> 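Below is one structure. I have some questions about it.
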Amino acid sequence: MTSTIAVTWVDACAADEIDEEDVIRFDHAGRTFAIFRSPDDAYFATDGLCTHEKVHLADGLVMDNIIECPKHNGRFDYRTGAAKGAPVCVDLKTYPVRIEKGRVLIGLD
Amino acid sequence: MADPTRRDYSLIGLDSRLAVERGLATAEWYKCPVDRKTMKELMKRSDGPAIRDTLLWFAFLAASGFGGWWFWGTWWAVPFFIVYGVLYGSASDSRWHECGHGTAFKTRWMNDVVYHIACFMILREPTVWRWSHTRHHTDTIIVGRDPEIGVQRPPNIFGILIQLFAIKSTWATFKKLCIHATGRLTAEEKTFIPESEQHKVYGVARIYLAIFAAVAVWCFAIGSILPAMFIGLPTFYGCFMGVFFGLTQHAGLDEDVLDHRLNSRTVYMNPVFRFLYLNMNYHVEHHMFPMVPYHALPRLHEVIKADCPKPYSSCWDAYKEIIPALLRQRREPGWYVKRPLPGHVEPLGAPPPGLVAAE
């Protein structure tokens, strides 16, 4: 038996609002997210706060497929949410993303 | 009975609980406004400056070490070993620090290699200090939270003086190495080192002790302390410049404020000092934006200096303030140097009751 989780697609921003190899913050319904544009022009979304100490990742540095937290330099692969070593030990939650008519939509459960 | 006028700097005592209750733990800190485009430029990583500075560091270590070995047994060896010691026991301080942040090099493994070498030189256990420094950045000079408050109040002047030769820190580290080598951590360390990282501490402690034992055996075998002059002893005899630089960071300034402009100093230094210290003299800037690599800190300073207190023009300018401040805090532990902020901004947080600012 398979189960499906209902996803609500939320309009987050214009696709060209995010520079290549960069991130912006998106707040919605009391939650905060980070939306990434990779160097090869793909879009990704994760929770917006570092799993280490709740710092906004959108103030951090995007290098290739890595986001570094601005406070303690914790590193995550924003495509998978995987924590890449101390001081971050817990993975980031990721969300599906799609582009429609030049807008970035993220799928929230 | 505990002295009620003394604050509890341990991480498991009364002030630790009070810091959490007062919202000073893991709090929001003031940041000078810097637009995203500029900040991205400043944060940009590069291997070039750190490769240059690391090669120079190793070259100077090799040259001064060679001189010390060549002239060993004569007074001519002394200046060579002073230089070697400062490069080993003081310059390693800023190297472990920058590489621990992962900002010195762009390439991750280069940061890690230099981090481990520098940690050994300055005798700081890599995993313990990585996590203690993480806490230092989360809760900078918050009493009961920050494990790296270099000068606690009232200041222990004798302790500071003997630390010029790393006596306090080395004694404390050796005690901890013995604890860690047996597979244990102290209660305080358990507050900031996650369980998943703790096993790393034990292995490194055993390696450090094995290296020191090997050097000691070597010295006994040849009947000379020469091997220890290169490995181990420079941590003591070369530490003084690291302490000289390090005291300028926070000593005498406010505690328990959520604004690095009030608890940290930016001090202009000459190029030699800045090479040894890797621009950590821009300490307000480093604490406010730890993602900015050391080589970009002078540029960051230019961007935010209008929103910061006036920097100290030299080490002398800083020490003219620090020495009287520490002596006064011996008598009045509540007194501190209040840094004047630009008029348009108010610091976050509030000083604890009973503390008195400098006029």
Side-chain angles (χ1 to χ4, degrees), chain A residues 12-27 30 32-39 47-78 81-92 104, chain B residues 25-29 31 33-37 39-46 97-109 111-112 115 126-140 145 192-198 200-201 260 286-293 296:
Chain A
C13 60
D16 59 8
E17 222 173 287
I18 315 173
D19 290 339
E20 271 187 26
E21 204 174 27
D22 204 5
V23 56
I24 66 165
R25 174 177 165 178
F26 171 60
D27 294 337
T32 186
F33 304 92
I35 304 177
F36 301 87
R37 184 174 172 188
S38 70
D47 273 338
L49 298 176
C50 179
T51 58
H52 171 226
E53 283 193 350
K54 307 299 174 200
V55 174
H56 283 283
L57 292 170
D59 294 329
L61 176 65
V62 178
M63 286 186 296
D64 300 324
N65 297 311
I66 297 292
I67 172 70
E68 264 196 27
C69 172
K71 186 81 173 176
H72 301 107
N73 310 75
R75 302 159 80 241
F76 300 92
D77 184 329
Y78 57 78
K84 304 298 282 184
V88 290
C89 305
V90 178
D91 293 349
L92 273 175
V104 180
Chain B
T26 324
E28 180 127 5
W29 286 69
K31 275 187 183 177
V34 180
D35 67 80
R36 175 76 183 161
K37 188 167 173 249
M39 185 47 65
K40 270 173 66 180
E41 275 302 309
L42 289 166
M43 288 192 295
K44 201 173 271 178
R45 298 293 157 75
S46 163
H97 175 264
E98 290 306 292
C99 295
H101 278 283
T103 53
F105 299 89
K106 182 178 183 183
T107 306
R108 193 74 185 169
W109 68 263
N111 282 312
D112 291 340
Y115 180 69
T127 303
V128 176
W129 278 84
R130 192 184 291 279
W131 287 95
S132 106
H133 199 65
T134 296
R135 177 68 74 81
H136 175 60
H137 271 271
T138 303
D139 298 323
T140 310
R145 294 285 301 175
F192 59 83
I193 306 175
E195 264 183 53
S196 60
E197 294 281 303
Q198 292 176 4
K200 296 179 185 171
V201 178
H260 296 109
H286 166 66
H287 265 284
M288 203 178 278
F289 299 105
M291 289 284 286
V292 175

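Sequence lines set the chain letters: A, B, ... in the order given, protein chains first and strands last, and positions in each chain run from 1. Quick caveat, the model's predicted, so the values are computed rather than measured.
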> Locate the shortest heavy-atom distance separating B:Trp131 from A:Cys89; write the atom from each residue and the value.
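Heavy atoms of B:Trp131 and A:Cys89 come nearest at CH2-SG, 4.2 Å.
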> Determine whether A:Asp59 and B:Met291 make a side-chain contact, defined as any pair of heavy atoms from C-beta on separated by less than 4.5 Å.
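In short, these two side chains do not touch, never coming nearer than 4.5 Å.
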> Could you give the distance from NZ (B:Lys44) to CE (A:Met63), rounded to the nearest 0.5 Å?
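Separation between the atoms: 12.0 Å.
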> Please report the C-alpha distance between A:Glu53 and B:Thr138 in whole Å, then the side-chain angles of each, then the deciding distance to 0.1 Å, and finally whether the side-chain hydrogen bond (donor to acceptor under 3.5 Å, both in side chains) criterion is met.
CA-CA 8 Å; A:Glu53 283 193 350; B:Thr138 303; 2.5 Å; yes
> With respect to chain A, which residue among B:Lys106, B:His133, B:Arg108 yields the maximal number of heavy-atom pairs within a distance under 4.5 Å?
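Winner by heavy-atom pair count: B:Arg108.
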> Salt bridge check, B:Arg45 against A:Glu68: does any charged N sit closer than 4.0 Å to a carboxylate O?
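Result for this pair is yes, salt bridge flagged.
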> So B:Lys40 and A:Asp19, salt bridge (charged side-chain N to carboxylate O under 4.0 Å, His left out) or not? Walk me through it.
CA-CA 11 Å; B:Lys40 270 173 66 180; A:Asp19 290 339; 3.7 Å; yes
> Who are the side chain to side chain donor-acceptor pair (under 3.5 Å) partners of B:Lys200, not counting sequence neighbours?
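Partners of B:Lys200 by the side chain to side chain donor-acceptor pair (under 3.5 Å) criterion, ordered by chain and then number, come out as B:Glu197.
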> What distance separates B:Phe289 CZ from A:Lys71 NZ, expressed to the nearest 0.5 Å?
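Going from the CZ atom of B:Phe289 to the NZ atom of A:Lys71 covers 10.5 Å.
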> Checking the side chain of A:His72 only, and the main-chain atoms of B:Thr134 only, is there a donor and an acceptor separated by less than 3.5 Å?
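Checked: pair present.
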> Has B:Glu195 got more than 12 heavy atoms of other residues, nucleotides or ligands less than 6.0 Å from its CD?
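Check fails, neighbour count at 12 or below.
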> For the pair A:Asn73 (side chain) and B:His101 (backbone), establish whether a donor and an acceptor sit closer than 3.5 Å, ignoring hydrogens and angles.
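Present.
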> So which part of B:Thr103 gets closer than 4.5 Å to some heavy atom of chain A, the side chain, the backbone, both or neither?
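For B:Thr103, the side chain is the part near chain A, not the backbone.
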> Locate the shortest heavy-atom distance separating B:Pro290 from A:Pro70; write the atom from each residue and the value.
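Smallest heavy-atom distance, with atoms named: CG-O, 3.4 Å.
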> What do the steps show when you test A:Asp22 against B:Arg36 for salt bridge (charged side-chain N to carboxylate O under 4.0 Å, His left out), and what is the final call?
CA-CA 10 Å; A:Asp22 204 5; B:Arg36 175 76 183 161; 2.6 Å; yes
> Suppose a student defines contact as a heavy atom less than 4.5 Å from any heavy atom of chain B. Which residues in residues 32-39 of chain A would they list?
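Within residues 32-39 of chain A, no residue comes under 4.5 Å from chain B.
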